[in-house]
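Below is one structure, written out as structure tokens; comments come after it.
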Amino acid sequence: MENTMTLTLKVWRQNGPTETGRFETYKVDDISPDMSFLEMFDVLNESLINSGEEPIEVASDCREGICGTCGCMINGRAHGPEKATATCQLHMRKFKDGDTIVVEPWQAASFPVIKDLVVDRSPLDRIIEAGGYITVPTGSAPDANLIPVPKDAADTAFDAAACIGCGACVAACPNSAAQLFTSAKVQHLNLLPQGQAERWSRTEDMVETMEEYFGSCTNHGECHEACPKEIPLDFIAYTNRDYVKSKRKNRKLLGQIS
Amino acid sequence: MAQTKTRSVPQPIRKRPKQLPFPLNLYQSAIGRKWVMAVSGIVLLGFVVTHMIGNLHLYEGPLEIHEYAETLRNLGTDIIPRTWLLWGVRLLLIVAFVVHIHSAYSLKEMGRKANTRANYADGNKKYAASQDFIAANYASRTMRWTGPIILLYLVFHLADLTWGWLSEDWHLGDPYNNVVVSMGNIGVALIYIVANVALAIHIFHGTWSLFQSLGINNPKFNQARKILASSLAGLVLVGNLSFPIAVQTGLIDQDNCEAPCGLTAVEAEEGHE
Amino acid sequence: MIGELRSRTPDGPIDEKWESHKFNMKLVNPANKRKFEIIVVGTGLAGASAAATLGELGYKVKAFTYHDSPRRAHSIAAQGGINGAKNYQNDGDSVHRLFYDTVKGGDYRSRESNVHRLAEVSLNIIDQCVGQGVPFAREYGGLLDNRSFGGAQVSRTFYARGQTGQQLLLGAYSALMRQVSAGTVELHTRSEMLDLIVHEGTAQGIVVRDLITGDIRSHTAHAVVLATGGYGNVYYLSTNAMMCNVTAGWRAHRRGALFANPCYTQIHPTCIPASDEFQSKLTLMSESLRNDGRIWVPREHDEVRSASDVPNIDRYYYLEEKYPSFGNLVPRDVASRNAKTVVDQGLGVGDLKNGVYLDFADAIARDGEDSIRERYGNLFQMYERITGEDPYKTPMRIYPATHYTMGGMWVDYELMSNVPGLFVVGEANFSDHGANRLGASALMQGLADGYFVLPYTIGNYLAPLLGQDPLSENDATCGNVVNEVAERTQKWLSINGTRSVDWFHRELGKLVWNYIGMERDKNGLEKALSEIPALREEFQKDVRVLGSGDSLNSSLEKVGRVADFFELAELKARDALEREESCGGHFRTESQTPEGEALRDDENFAHVAAWEWGGSSDTSILHKEELEFEHVPLTQRSYK
């Protein structure tokens with residue numbers, strides 16, 4: 001490989017949730033532009049191990065931008081400079097030889113650092129637990145084609161369902177709000193006919209659980225820019241609407257249907 | 001084997017409040033507060049726009065602006081006593097103002113708690129690398145500055161032109177004179193200009209944002225929301241800035257007084273007859 | 001020693017076996033279900049669906065995943081779709097046809113009864129997923145859309161853009177989280193199973209390491225379900241996720257469970273070739289690309305012109321020339337092997353000469369760039385993001401990569417391994433795909449096992465255990481296993497050698513890819529059997545794992561996984577050597593038709609090779625389960 005790069009990395013290192021962290025500076029040579037950002041970390045870690053230093057913990061799994069395991073702040077941008085791209089799909093050709101790159105973990109009160117660049121995002125699971133499902137015990141579902149779903153509704157639901165749960169929205173948000181994640185999850189189900197029965201209780205439960213853990217949205221729109229799946233802000237608006245409606249409903253008399 | 005070490009898991013940073021009866025429970029949630037902020041924002045925005053339009057009477061002259069003020073006081077007199085409706089509106093505005101400010105403050109507070117972090121010395125900053133904001137524009141990130149500026153300005157404005165605490169030349173019932181006296185001072189004019197720029201920035205983000213908060217959203221008119229926000233902000237900006245500028249440039253001047261200077265418009269009117 | 005392998009397949013006509021077996025199985029009274037504890041390891045499609053369903057039934061379930069959330073399991077990365085014999089397209093599909101296609105596609109090395117059951121429950125899976133809100137593609141009338149996939153003659157594949165696996169997993173995950181909130185499932189994240197507890201001949205628990213605190217402890221239950229995925233990462237480079245591993249299954253194997261057909265691996269033909277030594281994984285692109293792309297390499301070894309400047313006469317469209325009727329749409333294994341052949345001949349393209357062209361120029365000229373963009377826009381974007389090349393202008397470069405492993409833990413008709421109480425579901429077992437897997441069948445099998453098979457069959461095992469408590473975690477057996485695991489963990493930290501875990505994994509991967517990859521021969525396999533143990537010995541002496549065992553330490557996690565890959569690799573070579581025939585994903589160069597097709601030897605090898613751990617990696621004992629084909633006549637494949 002001819003045109004390799006030399007980079008300076010300023011990486012956040014922290015031993016545990018309660019420990020004090022610090023920035024460490026590393027120099028990496030021979031970085032090919034075809035490498036992914038995480039492969040660059042693999043190279044750095046290998047050289048750290050060879051020199052007897054503990055490697056940097058950086059989370060990743062599928063490395064194809066779908067599992068949502070990876071993610072760090074790269075030069076102050078969640079998932080780095082390329083739009084609609086998770087950290088694992090970011091390639092080094094987006095950087096220039098000689099660049100200094102600052103790498104930090106996601107930051108939010110509810111995302112404590114586990115070690116180095118790895119954070120605990122389990123509050124996102126708590127939100128799903130609160131109502132991010134349709135109650136359909138195995139075996140009880142009717143025939144799949146019994147309820148036609150308008151194509152547009154199915155497509156919009158999919159746009160919401162594309163969320164990979166990486167937490168970039170929370171990381172990028174000046175308020176550390178999880179509105180985009182929660183709204184994507186709420187609207188995926190609220191937009192489908194199958195999700196109507198639990199629509200109002202789901203919205204209420206998920207939003208209120210979200211508010212226990214995260215800050216509040218003030219409509220900056222940073223989350224959408226950081227989102228590797230480009231989930232639209234409109235879902236946040238839909239959820240705001242559904243939430244206020246849910247409070248108004250007298251479900252005992254009216255049933256759940258809007 | 002007994003478990004030796006337990007793992008710490010993230011705990012809620014805010015306790016779920018005990019539900020009050022509807023509609024008070026709306027205000028217990030952040031989304032409800034945003035909704036309240038949007039609705040009160042609409043009320044305040046309506047006030048700002050009508051106030052600006054009403055003030056255009058200044059360009060017609062002292063009598064006209066005086067008559068306009070009288071019309072406001074006389075609103076609804078067919079049914080209720082004089083100034084009652086005006087006071088009703090004022091009351092509504094005060095309530096809107098209070099909830100607007102309280103909801104803004106408490107939402108910001110929630111965000112601050114959710115951001116709490118021990119690692120960096122600078123507690124306000126989320127990241128060491130300066131965060132590269134893309135969508136969050138200047139307007140959205142300065143709401144917490146433009147807001148207080150507007151509040152201070154409001155107090156000043158009331159003291160200046162409504163209560164007349166700041167000048168001996170202030171006369172009850174002669175708005176034209178009061179405006180000229182006040183804004184004739186270059187310092188005061190600058191205060192008005194700065195404050196109204198802040199107001200316009202605030203309105204720009206507020207207008208775009210209120211659709212989002214109220215959930216009246218549709219991808220089809222997302223573009224139109226931006227246009228609406230900037231034209232409303234622009235309208236208010238141009239209208240309100242024109243007054244101090246007009247006074248400073250002499251477009252609005254005591255010379256235009258049809259009445260002898262120093263008399264209130266009421267007296268002038270009487271004298272005229 | 002293990003006696004004769006009994007698949008416990010029920011008697012009766014093939015299409016009534018499952019129905020009658022369900023009736024004949026013992027039931028657990030609803031009120032008694034809460035008295036049974038079940039451990040489910042892994043929360044991918046199979047694990048999450050099993051844990052959720054068992055929870056719904058009322059069992060006390062403990063689910064374990066080494067991820068931070070169940071939703072991260074690698075099922076999420078499946079792109080293509082899921083088969084279901086719904087026949088919504090009215091094109092002649094049926095349960096029997098799906099059954100038939102799957103047995104034939106598996107090159108007659110799967111168990112007919114299992115496959116038929118899979119085809120039967122495929123109908124329920126689609127219903128279940130739609131009910132959960134999986135946003136499958138729909139027609140304008142609002143009904144479900146289907147496409148034909150992987151050369152199938154009928155349109156039976158349901159899909160959700162290119163993210164079917166993600167959407168199905170999110171469905172199963174949501175069902176699982178519902179049970180977590182209902183309290184029937186206790187979820188343990190970032191907890192890796194490192195051993196199986198076998199007490200008095202039955203599986204009664206597992207030993208788990210908490211990846212954050214390093215705490216090692218046992219969990220016991222009435223039954224253990226492994227849903228731990230495939231072992232494709234034994235190749236180092238594969239389309240599997242970085243953390244996919246064989247450890248759970250392998251540790252069960254070392255405790256007595258049989259490992260079946262380890263040599264069966266599916267190599268996917270359309271992946272993006274490695275760009276350098278530090279390539280960490282390979283990315284798959286949907287096979288649908290072959291519908292419009294033409295595959296070629298230059299005819300000359302030292303071609304220097306850029307792809308678009310090479311005139312037609314100098315291009316070698318090898319698939320179209322060799323297989324005129326199927327052309328670029330030959331099955332996965334044929335496409336993969338041919339790519340290897342031309343690259344081995346030195347005709348490869350790209351800087352490292354490690355790929356072949358997949359060219360859309362003709363399709364773009366024919367249908368226009370817009371219509372190609374509509375069909376493959378996402379994939380082209382993904383390709384450009386990874387390689388920096390624009391596939392609308394220059395042809396894509398592709399090369400095969402390991403994708404799926406058909407082999408796995410041996411299980412009977414009830415999905416129970418030979419160790420009573422140990423159930424294995426999903427890709428981790430060997431059961432339904434034979435020697436090769438049809439496109440869009442992996443998701444189907446994972447969900448079939450988890451939603452509709454295991455929840456029934458596990459009751460048959462549990463019912464007689466009513467009244468027994470699970471093994472006490474203070475029992476000596478548990479203590480011993482916990483100590484073994486702790487010692488093993490400590491051992492890795494104390495070696496302090498000179499090379500990283502990744503270095504050894506990469507070297508192992510090269511050996512496995514070269515000798516037990518797309519083409520295998522006696523010579524190479526014997527070499528593998530001498531070189532792998534040599535490398536393993538070096539690994540055990542010279543690996544360097546830094547840090548401590550009481551905090552997050554991914555090198556420490558990985559070293560144990562690679563150690564198990566070493567042993568598996570050896571078994572894989574042994575199994576491939578033993579199977580002196582070609583079938584599906586297993587191609588022995590000694591056994592091919594004159595046209596270079598895989599040539600089966602049904603006389604001698606129509607069996608499942610189930611290996612028993614013999615105490616060390618070179619003493620494995622082979623057991624055979626003979627396969628009978630009553631409903632699908634044995635025929636030789638031909639794609640000419």
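Each chain gets a letter, A, B and so on, in the order the sequences are listed, and its residues count up from 1.
- A salt bridge is absent between Glu204(A) and Lys249(A): the closest approach of a Lys/Arg side-chain nitrogen to an acidic carboxylate oxygen does not fall below 4.0 angstrom.
- At a threshold of 4.5 Å between non-hydrogen side-chain atoms, the residues Asn175(A) and His220(A) count as touching.
- Within the 4.5 Å cutoff, the side chain of Ile101(B) has heavy atoms near those of the Leu151(B) side chain.
- Proximity to chain B (any heavy atom under 4.5 Å) is restricted, for Val170(A), to the backbone atoms N, CA, C and O.
- For Ala171(A), the parts sitting under 4.5 Å from any heavy atom of chain B are the backbone and the side chain alike.
- With a 4.5 angstrom heavy-atom cutoff, Thr209(A) touches chain B via backbone and side-chain atoms both.
- Under the 30°/60° scheme for interplanar angles, the aromatic rings of Tyr192(B) and His157(B) are found to stand perpendicular.
- A side-chain N or O of Arg33(B) and one of Ser106(B) form a donor-acceptor pair less than 3.5 Å apart.
- Side-chain contact of Gln187(A) with Thr239(A): a donor-acceptor pair under 3.5 Å is present, judged by distance alone.
- For the 3.5 Å distance criterion, the side chains of Asn219(A) and Ser213(B) qualify, holding a donor opposite an acceptor.
- Scanning residues 227-236 of chain A against chain B with a 4.5 Å heavy-atom cutoff picks out Leu233(A), Asp234(A), Ile236(A), ordered by number.
- Applying the side-chain contact (heavy atoms from CB on, under 4.5 Å) test to Cys70(A) and every residue at least two apart in sequence or in another chain returns Leu38(A), Ser60(A), Ala86(A), Thr87(A), Cys88(A).
- Asn115(B) and Ser176(A) form a side-chain donor-acceptor contact under 3.5 Å, judged by distance and modelled atom types alone.
- The pair Arg22(A)-Glu24(A) counts as a salt bridge, with a side-chain nitrogen and a carboxylate oxygen less than 4.0 angstrom apart.
- Most heavy-atom pairs under 4.5 Å with chain B: of the set Lys10(A), Met210(A), Met73(A), Arg241(A), this distinction falls to Met73(A).
- With sequence neighbours excluded, no residue forms a ring pair (Phe, Tyr, Trp, His ring centres under 6.0 Å) with Tyr26(A).
- Within residues 13-28 of chain B, the residues that have a heavy atom under 4.5 Å from a heavy atom of chain A are Ile13(B), Arg14(B), Arg16(B), Gln19(B), Phe22(B), Asn25(B), Leu26(B), listed by number.
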